[in-house]
Structure formats: structure tokens, C-alpha cells
Amino acid sequence: MRSIDEQMAILMQGVEFGDPQLYQVMEAELRERLSEGRPLRVYCGYDPTAPDIHLGHTVTMRKLRQFQDLGHEVTFLIGTFTGLIGDPSDKEALRPQRTSEELMANASTYAEQAFKILDREKTIIRYNAEWLSKLTFADAVRLASHFTVQQFLARDNFAKRMVKGDPIWLHEFFYALMQGYDAVMLQTDVQIGATEQLFNLMAGRKLQEAFGQRPQVCLTLPILVGTDGRIRMSKSASNYIGISEPPEQQYGKVMSLPDEAMMQYFRLVTRFTPDEIARIEADLQAGRLHPRDAKMMLAREIVSIFHGDEAAARAEEHFKTVFQQRELPPEMTEYALQAPLPIVDLICTAGLAPSKREARRLIEQGGVKLEGHTIQSADMIVQPGPPRVLQVGRRRFVRVV
RNA sequence: GGGCGGGUACCCAAGUGGACAAAGGGGGCUGACUGUAAAUCAGCUGCGUAACGCUUCGGAGGUUCGAAUCCUUCCCCGCCCA
């Protein structure tokens with residue numbers, strides 16, 4: 001095992017608390033536990049509210065991986081029960097509740113995806129329905145008695161809703177209790193979470209104390225912004241990059257990040273060392289490194305994490321030909337044209353636009369090309385014939401055969 | 001339980017009998033430009049024929065030549081009171 005100083009340097013990298021005092025407390029507590037020379041029990045929970053894991057989830061997973069690599073015991077907790085309620089932490093509005101069936105279906109793919117980051121051999125997978133579903137109402141009441149309503153109302157997201165007059169549902173309060181109870185059941189030393197999770201992580205400390213356990217160390221990491229560069233990455237905001245998405249798509253999405261968001265991505269989702277990242281940032285500022293080239297490095301690294309170096313190289317080639325040189329991609333899907341068909345119908349049935357109306361609009365805006373020639377009239381009829389390339393917008397292609 | 005306010009398109013939000021497929025913003029899309037699917041600028045953004053029509057403003061009924069707008073009823077949310 002590495003020295004405690006070395007471990008601390010790695011483990012505290014990227015950790016962020018709003019309050020410097022809290023940072024010092026947690027740092028000291030972590031050091032203390034590490035000095036006990038035993039593998040620490042570390043966990044992070046993930047609610048399977050969507051079937052796919054995206055880059056935002058990987059921020060904490062990477063931290064878990066670092067613990068693993070240092071010989072600690074990592075539990076990947078899947079929130080099959082907490083997901084039923086929906087975590088209000090990241091929301092200023094109510095989350096939709098999922099059914100057990102949805103959650104189980106999502107959960108089955110979660111762990112598999114997580115192993116693109118985590119070490120499969122060293123990861124313990126647990127589901128919190130295992131213990132949360134067994135609690136009685138009396139148990140729930142007992143858990144609730146450790147918290148005051150004011151403590152909950154002081155949370156920023158609840159406070160905002162109060163001010164706006166938006167509803168805050170009673171069941172949303174239970175989320176923190178449940179997550180806190182997870183920590184009790186897992187008897188954790190350390191819990192990882194996003195910064196917005198702090199309240200929930202602290203609830204774990206509180207409940208652990210109430211159950212006679214030593215309160216866990218909490219480590220929070222910044223929230224990754226989505227591809228719009230403004231709000232947090234999430235499925236519902238459709239600004240996410242899924243870790244199972246095809247290489248070309250991942251690469252393209254990274255390239256569409258606003259320049260300002262680049263450095264955050266370097267810091268939170270890549271395998272670059274802090275030194276390397278500092279150098280990139282300095283080069284960018286000095287003008288020695290072109291922002292586009294930096295972003296291409298980022299895109300390549302991210303694709304490489306999930307699909308390997310070879311796929312990353314291919315994705316980069318694809319991007320260069322299609323977007324930088326405006327040439328056709330090497331591969332595209334084919335559409336068999338049997339009989340003459342109006343161009344708008346062709347666009348729709350080939351899946352290049354959701355409706356004929358939309359197809360018509362695209363043509364009017366000069367966004368449709370057949371064999372490189374912009375289509376002028378929406379009334380055009382396409383005849384069967386030799387293979388031709390139909391292009392809609394910048395990035396949708398079909399070979400008509 | 002009572003009083004008041006509210007439910008509008010993917011989201012936020014204007015609209016209080018015809019000029020409403022419904023302002024504005026966000027998001028999305030297209031084009032120009034570029035350093036790129038960044039930034040910036042412009043346009044488009046319910047559906048189908050292209051004359052017009054159809055579906056849409058919490059649900060269901062109704063009044064009217066005509067309803068997002070008026071009436072009845074039901075469902076849901078907020079605030080205040082209990």
C-alpha cells in the first residue's frame with residue numbers, strides 16, 4: 001500500500017466543499033482512518049432512474065476507482081429503493097417516481113456499464129431495496145425523529161421552492177433518511193457523492209452516530225455540466241454524453257461543448273494527471289494550444305476510456321472528414337427505394353426527419369442535399385436508380401439504393 | 001374543512017369571446033461565418049394536403065355563427081385561515 005501522504009494526494013484530488021472548514025474536517029478524518037492501515041469501506045450510491053449511465057455519473061466512479069486501486073473496499077450501491085422516491089437534491093422540482101419494474105430493468109444494465117470505470121473483481125454490488133424495503137413505518141418514524149423540518153427547509157433547493165411557492169412533497173424529505181440509513185447498513189468509512197449530495201451524506205453521519213457507529217467521512221465532487229455548458233448533465237435535460245453511446249457520437253458531443261466547459265471535463269472525467277491538466281490549461285492561455293485541438297484531445301481521451309484507443313482514433317477520423325472537411329462519412333445506412341417517392345416522404349420514411357412538415361422546412365432552409373446538390377423544391381419526386389447520397393443537415397446521411 | 005389565486009405547446013411564460021396554431025424567453029433544428037457539432041449572426045420550430053383542413057391551451061359536458069378565453073362539473077397545485 002502507498003504511503004498515507006500519497007493516498008491523500010490522490011483521494012483528495014478534485015474533492016470540493018463549499019465550506020473550507022468542512023474540507024479541513026473531512027480531510028483530517030480521512031487521514032486518521034487511513035492511518036489505521038486497514039482497507040476502508042467506501043461506497044457511492046446510484047439511482048437507476050434511467051437505463052444509461054452518462055459522463056456525469058463517472059465523476060464519482062472515478063473516485064471510487066482510485067480507492068480501489070489503493071486497496072480499499074468499494075461498494076457500488078444501486079438505489080433500487082431510493083429511486084422509487086427520486087432524489088430531490090439536484091432538482092428545484094419534483095422528480096417523477098419510477099416503478100419497481102423500471103428500476104430493476106435499469107439496474108441490470110447499471111453495474112455492467114459501471115465496470116467500464118470500476119474494477120470488476122474488486123467491486124461489491126448491493127441494492128438498497130434489500131434493507132429499505134424491510135423497514136416498518138415505526139422504523140421510518142424513528143429515523144425521522146433525528147431531523148428537524150428546519151434542517152430540511154434550510155436546504156437550498158427546498159428553500160428556493162418555498163420562495164417560488166412550488167410544491168415540496170413530504171415524501172421528498174424521506175430521501176435523505178433513506179440514504180443515511182444506507183450508510184448505517186453498509187457501516188461505511190467513506191461515502192462519495194456530488195457536492196449537491198452533501199445534505200444526504202451528512203444525514204448518513206448523523207444516523208450512524210445515532211446507531212452507535214463512527215460517522216463516515218464524506219467526500220463530495222463537483223457536478224459536471226452538460227453539453228450545453230450551463231446546467232448539470234442529466235438525461236432529462238438531454239445534454240448528456242452516455243458512456244454506451246457509439247464512439248462517433250461521443251466524440252461529436254464532446255466537440256460541441258462550449259470552450260469554457262473544456263477544463264472542467266479535463267479535470268473531472270479524464271485520466272490525465274493534475275500536472276498534465278495544468279500544462280494544457282497553461283498552453284491554452286498562452287495561445288500555444290488551439291482550443292479546437294485541446295477539445296480534440298479531450299474528445300479522444302473520453303472515447304478512449306469507454307471504447308478503447310482504436311475506436312477513439314476512428315471517431316476522430318470520422319469527425320475530421322464529416323465536419324472539418326465536410327465530406328461524406330465512410331459508412332452510412334442504406335435505404336432501398338422501390339418506386340418513385342416524393343422527397344419529403346423519402347426523408348421521413350428514411351428516418352431523417354420526424355414529420356413531412358419538418359422535412360419540408362428543412363428543404364426550404366436549404367438543408368437537404370441529394371448527391372451533393374441542394375434540393376430546391378419540396379415537391380420533387382425521387383426516382384429509383386443508381387445509389388445516391390441523401391444528406392439532411394450537417395450530420396444525417398442515408399444512401400438511397 | 002373555508003377564502004383567494006392558479007393549471008397554456010419539449011420547458012418557462014403571455015394571452016381573458018373572433019385578427020389564436022396561440023406573444024416572449026429557453027431548448028432544439030437549418031443556414032451563414034469560423035477555429036469545431038465552440039462563439040457570433042439570421043431564419044425555422046403542432047400535423048396533413050397545399051385551396052384549405054385537422055388536432056392542441058388540466059378532464060368531461062354546455063352556451064355561441066364562433067371558445068385557450070363564458071357557464072356547469074370533476075381532477076390537480078400554491079398561499080392564507082382552521
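Note on naming: letters A, B, ... go to the chains in the order of the sequence lines (proteins, then strands), and numbering restarts at 1 for each one. No experiment lies behind these values; they were computed from the predicted model shown.
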Rounded P spacing from B/rC47 to B/rC29 in Å: 16 Å

Test: A/K253 cationic atom under 6.0 Å from A/Y240 six-membered ring centre, within 45° of axis: yes

For residues 257-264 of chain A, run the donor-acceptor check on the side chains, cut-off 3.5 Å, and write out each pair with its distance to 0.1 Å, sequence neighbours left out.
from	atom 1	to	atom 2	distance (Å)
A/D259	OD1	A/K295	NZ	2.8
A/Q264	OE1	A/V225	N	3.4
A/Q264	NE2	A/I223	O	2.8

Produce the list of close N/O pairs, under 3.5 Å, pairing protein atoms with atoms of nucleotides 37-44 of chain B; give distances to one decimal.
from	atom 1	to	atom 2	distance (Å)
B/rA37	OP1	A/F323	O	2.9
B/rA37	O2'	A/M255	O	3.4
B/rA37	O2'	A/S256	N	3.1
B/rA37	N1	A/R395	NH1	3.3
B/rA38	O4'	A/K295	NZ	3.3
B/rA38	O2'	A/D259	N	3.3
B/rG43	N2	A/Q365	OE1	2.9
B/rC44	O4'	A/Q365	OE1	3.1

Assigned partner base of B/rU30, Watson-Crick or wobble definition, under 3.5 Å: B/rA42

Opposite nucleotide pairing with B/rG1, Watson-Crick or G-U, both atom distances under 3.5 Å: B/rC81

Verdict with supporting geometry, A/E281 and A/R288, salt bridge (charged side-chain N to carboxylate O under 4.0 Å, His left out): CA-CA 10 Å; A/E281 192 164 26; A/R288 287 189 296 270; over 6 Å; no

C1' atoms of B/rU16 and B/rC70, separation to the nearest Å: 10 Å

Rounded interatomic separation in angstrom, taking CZ from A/R357 and P from B/rC47: 7 Å

Separation of atom NZ in A/K320 from atom P in B/rU34, rounded to whole Å: 21 Å

A/Q179 versus A/Q197, side-chain donor and acceptor atoms under 3.5 Å: yes

P atoms of B/rU49 and B/rC33, separation to the nearest Å: 33 Å

Euclidean distance for C1', B/rA19 against B/rG66 (whole angstrom): 13 Å

B/rG43 to B/rG62 separation - C1' atoms, rounded to the nearest Å: 43 Å

Strand partner of B/rG17, provided both Watson-Crick or wobble distances fall under 3.5 Å: none

Nearest-Å distance for atom pair CD1/P, residues A/I168 and B/rG78: 10 Å

Under 3.5 Å on both distances, the Watson-Crick or G-U partner of B/rC57: none

Polar contact flag, side-chain donor to acceptor under 3.5 angstrom, A/N106-A/Y46: no

Gap in Å between the two C1' atoms, one belonging to B/rC20 and one to B/rU69, rounded: 10 Å

Any A/R292 side-chain nitrogen or oxygen under 4.0 Å from OP1 or OP2 of B/rU36: yes

A/S304-A/R271 side chain donor-acceptor pair, cut-off 3.5 Å: yes

Whole angstrom value for the distance that separates P of B/rU36 from CG of A/L298: 16 Å

Integer-rounded Å distance: B/rG31 C1' and A/E364 CD: 13 Å

Interatomic distance where CZ belongs to A/F158 and P belongs to B/rG78 [whole Å]: 14 Å

Whole-angstrom distance between B/rA68 and B/rA14, as gauged at atom C1': 12 Å

Length of the line joining A/N239:CG and B/rC29:P, which is rounded to integer Å: 12 Å

Pairing of A/R205 and A/E209 as salt bridge, 4.0 angstrom limit: no

Residue matched to B/rU63 through Watson-Crick or wobble contacts both under 3.5 angstrom: none

Results of salt bridge (charged side-chain N to carboxylate O under 4.0 Å, His left out) for A/E248 - residues two or more places apart only: none

Residue whose nearest RNA chain B nucleotide is more 5′ - A/V254 or A/D379: A/V254

Rounded interatomic separation in angstrom, taking CZ from A/R161 and C1' from B/rG78: 13 Å

Separation of the C1' atoms in B/rC11 and B/rU63, to the nearest angstrom: 35 Å

